[in-house]
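Please read the structure below before turning to the comments.
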Amino acid sequence: MSTPTAITPTRDKDFPEWYQQVVRAADMAENSEVRGCMVIKPWGYGLWENIQRQLDVKFKATGHVNAYFPLLIPLSYLEKEAQHAEGFATECAVVTHHRLEAQKQPDGTTKLIPTGELAEPFVIRPTSETIIGAAFARWVESYRDLPLLINQWCNVMRWEMRPRLFLRTAEFLWQEGHTAHETAEEAIAETRTMHKVYEDFLRDHLAIPVIPGEKTERERFPGAVQTFTVEAMVQDKKAIQAGTSHYLGQNFAKAANIQFLGRDNTRQLAHTTSWGVSTRLIGTVIMAHGDDDGVIIPPRVAPNQIVILPVTPKPETRQEVIDACEALAQTLRTQTFGGEPLRVHVDKRDLQGGAKNWEWIKKGVPMRLEMGPRDITSRSVAVCRRDLGPKAKEFVPKEEFIQSVQERLGEIQDALLARATSLRDANMKKLETLEEFKAYFAENSEGGFALMNWAGSSEDEDTLSKDLKVTIRCIPHGDQFAEEGKCFLTGKPSSRRVIFARSY
RNA sequence: CGGGGCGUAGCUCAGCCUGGUAGAGCGCUUGCUUUGGGAGCAAGAAGUCGUCAGUUCGAAUCUGGCCGCCCCGACCA
């Protein structure tokens, strides 16, 4: 018998638990034996590889090149920038020894005892500003060496108190861009360029609309002058910071001594930036698009965009059906979507058809095709779109399907973006008073993005966030948020609305 | 680090109060049946009950230490 939904509980009943179950049902990742560290399984990693490859193309197109820096950072490096040090101090894993000594125990087992204490401990990178800064200091001598536009794909470690798969893990994968420039203007332009790259990527590839804006001082990256963010809304109406881009001013250049001889023959400090997105994007995709039957992956980044399920009711026609499915897959693979060859998989496993079908539903493959003896005779395929219900099935002449496959995947991509956009727009509200604000974020109210005129201080912000567990997600860019008014808390004049929300 | 809870088969858990050396469901294996579909029946494999010590003739069960994990806070991509 079929259950009403593949995932229990449903999103309405218990969103956090739904999320955990979905990650598991989709076989994307699992908790490992190492505290806070996940095992990313092939289906989840496949999604990451696509995100990585497609973003990398955009980084290269904006002039960046990839490089790799050490995992271990000398403790003293982290100490060089005061705010940065303070910001990351409480979540660092520290390496203090460089060898183990085997000690035989009375019971015959062997214990390994750390010995060889290091003169200076290393910190496993929580982010690489300091060590990349040190390299930049060596590489930059003249204004002619600038700009330096470097990106690194790597893992980082932040010893989080409460890990959750993809959203907040002790070790995670990300990319960190680090650039150095001759002038503040250039560095700020770079920061904005990458901010825009993230915004476009989220919208066009992950089908997630974001609100681009700037962080307040309280929410800023430790050591940054300005932090830009793209904020997405997921289905429980909370905000999630999906990517950040920082203008670091000359703070890190000063700390790492990134100096160059300028056009006017004077010694100057470089202006640096950094920007990153992480495997958190996977969690964002799951929470933005998933439904009560599992994940829904946007076609552009899906590890498989199409899965073909051979329907083999009789053993004597089995091989014929499988051959036909393989042939269809081959034909489809010659086509492209989003500039990449179609990723098509034929699921030939000897399992019950229904079981396979539901497995792919839970994994969120955008499109499933069924083909059996009757379809071969009628030269058609059964097409199931993941963004529609699990029962929705359309029989399409095979040739017509082959002709229209790009368009059909495009429809799914667009439908996901449209759905996510209307969810967000339906849950953004302009409010005017503190009473309205408190009611909006009351215990049993739905919440969402509150658009508020704001002129409060960091202390005001701190109080609000402690009382109501909401934070200013960003000061959004764009004319739609420019509006003369009074701060809802202090009554001071304000010319823009900011976004308040609960967040991940 | 504060406040709660939990460690028993691959997974989810029951058994513990009232000690007598192990159970269910799912998953897995095999066979038969079924086949446009998350199937049915039957048989089977699988656990030194987190760990160390104590009480006892006897401990998954009682007591204590240790380790680990989960949830709620503070922190966070």
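First the proteins, then the strands, lettered A, B, ... as listed; each starts at 1.
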> Are the ring of A:F172 and the six-membered base ring of B:rA77 within the stacking cut-offs of under 5.5 Å and under 30°?
Replying inline: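 According to the criterion (under 5.5 Å, under 30°), yes, A:F172 stacks.
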> Separation of A:I51 atom CD1 from B:rA77 atom P, in whole Å?
Replying inline: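 So the CD1-P distance, A:I51 to B:rA77, works out to 18 Å.
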>> By nearest heavy atom, map A:Y504 and A:V34 onto RNA chain B; which one lands nearer the 5' end?
In response: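 Result of the comparison: A:V34.
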> Closer to the 5' end of RNA chain B via nearest nucleotide, is it A:T279 or A:P16?
Replying inline: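 Its nearest nucleotide lies further toward 5', so the answer is A:P16.
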>> Under 4.0 Å from OP1 or OP2 of B:rC11: is there any side-chain N or O of A:Q20 that close?
In response: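 No, because none of the side-chain N or O atoms of A:Q20 sits under 4.0 Å from OP1 or OP2 of B:rC11.
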> Going by the angle between their ring planes, with limits at 30° and 60°, are A:W48 and A:W153 parallel, tilted or perpendicular?
Replying inline: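 A:W48 vs A:W153 ring planes: perpendicular.
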>> Which label fits A:F201 and A:H205: parallel for a plane angle under 30°, tilted from 30 to 60°, or perpendicular past 60°?
In response: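 Correct class here is parallel.
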Check: protein-nucleotides 30-36 of chain B nitrogen or oxygen pairs below 3.5 Å:
unit_1	atom_1	unit_2	atom_2	d
B:rG36	N7	A:R374	NH1	3.2
B:rG36	O6	A:R374	N	2.6
B:rG36	N1	A:D375	OD2	2.6
B:rG36	N2	A:D375	OD2	2.5

> Which one, B:rC75, B:rG38, B:rA77, comes nearest to the side chain of A:E91?
Replying inline: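 Selected nucleotide: B:rC75.
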> Which one, B:rA77, B:rG38, B:rU12, comes nearest to the side chain of A:R24?
Replying inline: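 The nucleotide sitting nearest to the side chain is B:rU12.
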>> Under 4.0 Å, heavy atoms only, any strand: does A:T169 hit a base, just the sugar-phosphate, or nothing?
In response: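 Base contact.
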>> Heavy atoms only, 4.0 Å cut-off, all strands: where does A:E176 land among base, sugar-phosphate and nothing?
In response: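 Since no nucleic acid heavy atom lies under 4.0 Å of A:E176, the category is nothing.
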What are the atom names and distances for every N/O pair under 3.5 Å that joins the protein to nucleotides 26-29 of chain B?
none

>> Could you check whether any side-chain heavy atom of A:D375 comes within less than 4.5 Å of a side-chain heavy atom of A:S380, counting everything from C-beta outward?
In response: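 Yes, side chains in contact.
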> Mind checking what makes salt bridge (charged side-chain N to carboxylate O under 4.0 Å, His left out) contact with A:E217, not counting sequence neighbours?
Replying inline: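 A:E217 satisfies salt bridge (charged side-chain N to carboxylate O under 4.0 Å, His left out) with no residue once adjacent residues are dropped.
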> For A:E86, which residues count as a salt bridge (charged side-chain N to carboxylate O under 4.0 Å, His left out) partner, sequence neighbours excluded?
Replying inline: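 Scan of A:E86 (salt bridge (charged side-chain N to carboxylate O under 4.0 Å, His left out), adjacent residues dropped) gives none.
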> Can you name the side chain to side chain contact (heavy atoms under 4.5 Å, CB included) partners of A:S503, sequence neighbours left out?
Replying inline: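 Side chain to side chain contact (heavy atoms under 4.5 Å, CB included) check on A:S503 returns A:A239, A:T471, A:R473.
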> Listed by chain and number, what are the side chain to side chain contact (heavy atoms under 4.5 Å, CB included) partners of A:V197, not counting sequence neighbours?
Replying inline: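 Only A:L55, A:K58, A:F59, A:T62, A:M194 meet the side chain to side chain contact (heavy atoms under 4.5 Å, CB included) criterion with A:V197.
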>> So, under a plain 3.5 Å distance rule, would you say the side chain of A:R158 forms a donor-acceptor pair with the base of B:rC76?
In response: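 Counting by modelled atom types and ignoring angles, no donor-acceptor contact under 3.5 Å is found here.
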> Without hydrogens or angle criteria, can the side chains of A:D56 and A:Q52 be said to hold a donor-acceptor pair below 3.5 Å?
Replying inline: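 No, no side-chain donor-acceptor pair sits under 3.5 Å.
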